[in-house]
Every structure is written in structure tokens, then in C-alpha cells.
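Computed over heavy atoms, backbone and side chain alike; hydrogens, waters and symmetry mates excluded. Along the sequence shown, the residues carry numbers beginning at 1. On a predicted model such as this, the values are computed, not experimentally measured, just so you know.
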Amino acid sequence: MDSPMCLVENADGELHVVPGAIKYLMGLNQKVIVVAVVGLYRTGKSYLMNKLAGKRKGFALGATIQSKTKGIWMWCVPHPEKRDHTLVLLDTEGLGDVEKGDSKNDAWIFSLAILLSSTLVYNSRGTIDNQAVENLQYVSELTERIKVNSSSAASSSHDDEEGGDAQFVQFFPNFVWAIRDFTLLLEIDGKNVTEDEYLEHSLELRKGGGKKNLMYNLPRQCIRNYFPSRKCFVFPTPTTPANMPHLDSMDEADLCGTFRKVADTFCRFIFQESRTKTVKGGHKVTGRMLGHLVNTYVETIAKGSVPCLENAVLAMAQIENQAAVDEGLAVYQRGMEEVKALFPVAMGQISAHHLRSDHQATQAFMKRSFKDENGDFLKALAVAIAKHYADLLIQNEDASEKKCAALLEKLSAPMAQKIKEGIYTTPGGYELYCNHLDNMVAQYRAEPVKGVRAEEILEQFLREKSLEKNSILQADKKLTENEKKIYEEKDRSAVLEQEKKAAEEKRLEMERTMEDDRRSKDEKLKQMEEKMKEEMKQQERDFHRALECKMQEQKDLLEKGHKEKADLMRQEIEEFKKSNTPGKEGGGFLESTVMPVLRLGMDAANILLQYKLMKVAFMK
């Protein structure tokens, strides 16, 4: 993407997605790391985004008191350090714009930035004083603007969220506070402190009750609860006040050296520490999936409802899983085109292509699908592949029949001419006919690549010739009646033997088909189990990360003497443990997902057989 484009438009106080931006995301299959910047208008947010994009210009840098960014703008660039990842930069509309005067809209912009990002940069100017913290008032409203579970979204009650704020910690982005035009010394009580220590000091809670202390503590408590992973950067003024309006056109070398050093450190931190965007369940998000999320969240807000992480993921899963089925089937169909061009082929050849293509199709499905908790979409893929395979088997049989019939017609033509000439109606003609017929059958069997119906078509041919053969036998005056009876019995035995060969040919084909189906089922089961194990590991990592953050927060509260708040935090942690014990969902998930897959073998085989018989019946 050469330049930023508007992703979410804010027009007349209403939010709308921009179709062109969504279309771009839908074509982006790489995993994404999403960095969003929020903050008061005219605090230099866009400069940081341009810096992260490695460009001097891109997001608009206004030099007046008017806000330049409206809605949410997006810039997708290759990640400078992580291969096969796209860095998605979101520059949000400035909060508190006097021309807009809509705090409710500000809250939704802030909420969208949190929902979509894996790292949230809060940009402010000056120092972290009480006013700067209070400007983050939207943090205290997050439980009214975002829900984790569908049950709590329906009830709109924060109490319904099992595990309380810890639930949010699992899915909320890392928090980075960027302080611009910082002119103070980093000292507390005469001691030098780091930027992070300065931030933590600014977020310390006051002891005691009272309305004043409660109001003071509320935004700080929310920041601590929702964003346990916090980082701070303090930027000095980049240049003189006279040059500030021309910041976007100035050379980097002309900016303050300390400012450039902090900016480089900031970018390096973002590049190295920002995680791949994930959703509930630990699933990594691609650009295409991010597009679905944007659509879902903005549509939900437009309807006056509260965005719900669980509902958004389920809606996205339905779309992505159906697309995964379509993609898997397309991979299978492409894989089978090579053998289809060779029809007719032996059963072993088409079977080998089928198993390889089926494996590749399942891989493609697994790569794209997620939360297929009942195995419904995997089963849909298996059924679709079974139907397509059955259709190919029919086509291969048709090609075999045509080739065999044509070959027999060609080989039997000289004999047909001899019958017209009456050569077989003379004494001894039956023996001559039998010799010619045996030679013709030998030639037929020697012909390679006849396909799967070679014996069946030969059996039909010989059965059709039996009347002709018997007429020649009866007309041969050289033979006695007893000899004729012996020959008749011999012919019947030969026909029965050929029938057995044809039946054996069909049996082997069906056996191979059933074996293919069993191996296909085993392959799907293996890949499903591997995918489930990896997903459960990711969920466990997310759980422990959130748990460690909350336990550290409880420890900090105890050290600062906030025993009552620490006790409440302990209770919340216990609730969180009960509702999110790693592996708790594993048993149910395995049972609900793997067992249907275990039945795929029987289901797919039945469909394969029924579909094949139906097509044969229709053709007849």
C-alpha cells in the first residue's frame, strides 16, 4: 500500500466502513500486527505512524489547530523484522475535537482502536498529570462499550463476565504511552527514574475512601486492570516552535538529536514487542480476517449494540470456515486435473492422486479454518471431496468403457468380415472361429492402459458373441453331437470365468475406494488433532499471560498498602482460574470435534457409494 486510506469513516456522527479499504484487507492473506494510535487531537499522532511506516509523509500532519484525521485511517506496510507479516497502522481521529463535540463518538473510536489492535499507543503532550490521566476517561467506560462473551453482551452487565477484568486482559492490546514535548526531569523525590517508573508512579492509587479519591483512582485502576502490559516513552520537543508547522517537510537531521533517539527506540520497541493480532481462542488474524472484524464491529455499533468479541469471532469463523471448505475443494480439484487428463487410468493411479490431493486439500482447509468446533465444515469438505471423487471414478469408468469397446470393435473387425464371407460356416469352421477369438482376446489383454472396466467390457462382449459362437458351433458338420455338447459346456464355463473376473475387478475397485476413504479419514483426524493441540497451547499461553499480569498487579497493590483492593483482585483471579483452567474445554472440544471426524469414514464412503450408484442408474 503506497499511502494510507480511510478504513472507518466518521460522517455526521456516524461510523461507516470504507468498501475500498475492506476490499484491500480481504486480499491480504498474511498475518497482521496491528498498531493503533489514539489521543487528543493535535498531539502529533500521525507523525509517529509515519515514522513506523518508514516514510516522511503519509498520514496527514496538520500545522493548524484543526484536527486532520477523521475516522480511522489505515496504512499496510511489510513488517520490517517479521517475515510473512504485515504491519497495519491505524491512525485514529483525535479525541476531544472541539469542532466535533461528540464524546460518545470519541468513545467508539477509542473502543474500535482497542478491538482491532495488538498494540495501542496513547499519545499525549506535556506530562502525565491528573488531567492527562482523566483525558483517558474512555478507559473507565470500556465495560459498557466492549463485551467478551455473548451472554454478557445480551445482558449488558459487566458482572456476567466470569473472571472480571482478567477476561479483557487476555484479548486487549499492549499499552504504550507516548508523551510528546516532555520538558521535565525524570525524577521522583530527587531520584532519577526510568520512563516506565515515571508511568507507574503516575498510575499509583490513593489510599482511603471518599468521592475525591474514588474519582482520582478510577481511571488509574482501569488502566492498571485492562492494560497490565505497559510501556512509556517521553519525547522532547523535536524542533523550535517556529519550525513545528513545517515538521513534515523537515529533514530528520534537522530534528533534535534526543528526539530522534527516542523515536528510534520507540519504533524498535514496536517492531520487536508488538504481537500478532489474535482473537478469542488464540487464533492469529490475517488481513482478510481483520476485514471481517472491522465490518462486524462497525455494523454492531451502527445498530446501537455493544461489540462482542465472542460474537465477532463466531461470525468471522462462519465466513472463514466456508471459505476454507471452498478453498480446500478447489485445491483437491486442481490436484485431480492431472490424472483426469490421462483417463482412463488404473484404480491404483487415480487412488494415489486422490490421496495426495485430499491431503493437500485438508492442509489448505486447516490453514484457513478455525473454531470448527463440531467438525461440521471439515465434514462438509470431506463430503464434497467424496462426491467429486465419485464423479471422477464414473468419468474414469466411462473413459475405460469407451476405450475398451472401441478396441474390441477394432480387433473383432477381421472376424466380422470372415463371418460375412462364410469362412466359419464350413466344416471345421468352429475351431477356426475359436482360435481367432482366443487370439483376439489375447491381443485385447495385451493392450495396455485400458482402465478399470477392461474385464467387465470383455465379459459383455463375449456374452454378446455367445449366440454367434453357438450358431457356428451348431452349423459345423465336422463335429458330432457329443462333441458339440462338450464345446457348449466349455463355453459356458469360459463365460462364467469371465464373469468372475469382471466381478473381481469391481470388488477390487470398491475395496480400494473404501481403503482410500479410511486413509482419508485418518489423515483428516491426524491434521485435526495437530491443529487442536496447537490451538489449545495458544489458549494456555494467553491464559498464563493474563494470569501473570493480574498476579503481578495484586502483588503491586499489596506492596503499596491497598489490602482491600488486593483482596478483590485475589477473588477475581480465583474466578478467572475457575472459568479458564487450561484444558477445561479440551475434553468437550475433542469429543465434539474428533468424534464426528471419526465417523467421516463411514459417512463419506456411503455418500461415495450412493452417489456412484445414483449416477450409474441415471446414465442407464
- Indicate yes or no for a side-chain donor-acceptor contact from Asp196 to the backbone of Cys232 under 3.5 Å, with no hydrogens or angles considered. yes
- Message: Under a 3.5 Å distance rule, please check whether Arg125 uses its side chain to pair with a backbone N or O of Asp181 as donor and acceptor.
- Response: no
- Check: Arg206 main-chain N/O paired with Asn217 side-chain donor or acceptor under 3.5 Å: yes
- Task: Using side chain to side chain donor-acceptor pair (under 3.5 Å) as the criterion, point out the one residue from His85, Lys284, His79 that pairs with Thr276.
- Result: His85
- Message: For Lys51, give me all partners under salt bridge (Lys or Arg N to Asp or Glu O under 4.0 Å), at least two apart in sequence or on another chain.
- Response: Glu252, Asp264
- Yes or no on side-chain contact (heavy atoms from CB on, under 4.5 Å) for Leu87 and Val35, after CA distance, side-chain angles and deciding distance? CA-CA 7 Å; Leu87 180 63; Val35 179; 3.9 Å; yes
- Note on the structure: Value for CG (Asn311) from OG1 (Thr296), rounded to nearest 0.5 Å, stands at 9.5 Å
- Query: Does the side chain of Met49 come within less than 4.5 Å of Trp75's, by heavy atoms?
  - Reply: no
- Taking every non-hydrogen atom, the tightest pair across Tyr198 and Ile128: OH-N, 2.9 Å
- State the CG-NZ distance between Leu28 and Lys23, to the nearest 0.5 angstrom. 14.5 Å
- Verify, without hydrogens or angle tests, whether Glu197 (side chain) and Thr194 (backbone) share a donor-acceptor contact under 3.5 angstrom. yes
- Tell me, yes or no, whether the heavy-atom count around Lys82 atom NZ, taken from other residues, nucleotides or ligands under 6.0 Å, exceeds 12. yes
- Can you find a heavy atom in the side chain of Ile33 that is under 4.5 Å from one in the side chain of Phe271? no
- Message: Between Asn321 and Phe370 (side chain of the first, backbone of the second, donor and acceptor by atom type, cut-off under 3.5 Å), is there such a pair?
- Response: yes
- Task: Report yes if some heavy atom in the side chain of Leu115 is under 4.5 Å from a heavy atom in the side chain of Leu293; otherwise report no.
- Result: no
- Message: Does Met26 have more than 12 heavy atoms from other residues, nucleotides or ligands lying within 6.0 Å of its CE?
- Response: yes
- Message: Under a 3.5 Å distance rule, please check whether Ser124 uses its side chain to pair with a backbone N or O of Ile179 as donor and acceptor.
- Response: no
- Closest approach of Phe259 to Pro236 (non-hydrogen atoms, all atoms of both residues): CD1-O, 3.1 Å
- Taking Thr92 for the side chain and Val37 for the main chain, is one N or O donor matched with an acceptor at less than 3.5 Å? yes
- Heavy-atom check, side chain of Ile109 versus side chain of Val38, under 4.5 Å: no
- Item | Crowding at CE, Met5 (>12 non-hydrogen neighbours, <6.0 Å) | yes
- The reported gap from CD1 in Ile223 to CG in Leu199 (rounded to nearest 0.5 angstrom) is 8.0 Å
- Message: Which heavy atom of Cys222 sits nearest to which heavy atom of Val139, and what is that distance?
- Response: CB-CG1, 3.4 Å
- Item | Gap between atom CD1 of Ile146 and atom OG1 of Thr300 - 0.5 Å precision | 12.0 Å
- Is there a side-chain contact between Ile114 and Leu120 (heavy atoms, below 4.5 Å)? yes
- Note on the structure: Rounding to 0.5 Å, atoms CZ (Arg220) and CG (Asn130) come to a distance of 4.5 Å
- Item | Heavy-atom check, side chain of Lys31 versus side chain of Asp84, under 4.5 Å | no
- Ser118 side chain to Ser274 main-chain N or O, any donor-acceptor pair under 3.5 Å? no
- Task: Step by step, work out the side-chain hydrogen bond (donor to acceptor under 3.5 Å, both in side chains) result for Asp556 and Gln552.
- Result: CA-CA 6 Å; Asp556 292 344; Gln552 182 61 47; 3.0 Å; yes
- Message: Before you tell me yes or no, could you show the steps for Val285 and Val34 under side-chain contact (heavy atoms from CB on, under 4.5 Å), namely the whole-Å CA-CA distance, both residues' side-chain angles and the distance that decides it to 0.1 Å?
- Response: CA-CA 10 Å; Val285 174; Val34 188; over 6 Å; no
- Pairing residues for Phe377 by the ring pair (Phe, Tyr, Trp, His ring centres under 6.0 Å) criterion, not counting sequence neighbours: none
- Report yes if the side chains of Arg288 and Arg368 come closer than 4.5 Å at any heavy-atom pair, otherwise no. yes
- Note on the structure: In terms of heavy-atom contacts, Val306 and Lys147 come closest through CG1-CG, 3.6 Å
- Item | Closest non-hydrogen atom pair between Phe182 and Leu184, with its separation | CE2-O, 3.0 Å
- Message: I'd like to know whether Leu112 forms a side-chain contact (heavy atoms from CB on, under 4.5 Å) with Val294, so could you lay out the CA-CA distance, the side-chain angles of the two residues, the decisive distance to 0.1 Å, and finally the verdict.
- Response: CA-CA 8 Å; Leu112 277 173; Val294 175; over 6 Å; no
- Indicate the ring-plane relationship of Phe266 and Phe233, choosing parallel, tilted or perpendicular according to the 30° and 60° boundaries. perpendicular
- Determine, step by step, whether Thr86 and Val88 satisfy the side-chain contact (heavy atoms from CB on, under 4.5 Å) criterion, reporting the C-alpha distance in whole Å, the side-chain angles of both residues, the deciding distance to 0.1 Å, and the verdict. CA-CA 6 Å; Thr86 294; Val88 180; 4.2 Å; yes
- Task: Could you label the plane-to-plane angle of the Trp177 and Tyr122 rings as parallel, tilted or perpendicular, counting under 30° as parallel and over 60° as perpendicular?
- Result: perpendicular
- Message: With heavy-atom distances below 4.5 Å as the criterion, would you say the side chains of Leu90 and Trp73 are in contact?
- Response: no
- Query: Quick one: OG on Ser117 to CZ on Arg275, what's the gap to the nearest 0.5 Å?
  - Reply: 10.0 Å
- Task: Determine the minimum heavy-atom distance between Val8 and Cys6, stating which atoms define it.
- Result: O-SG, 3.5 Å
- Message: Check this for me: does any side-chain nitrogen of one of Lys371 and Glu320 sit under 4.0 Å from a carboxylate oxygen of the other?
- Response: no
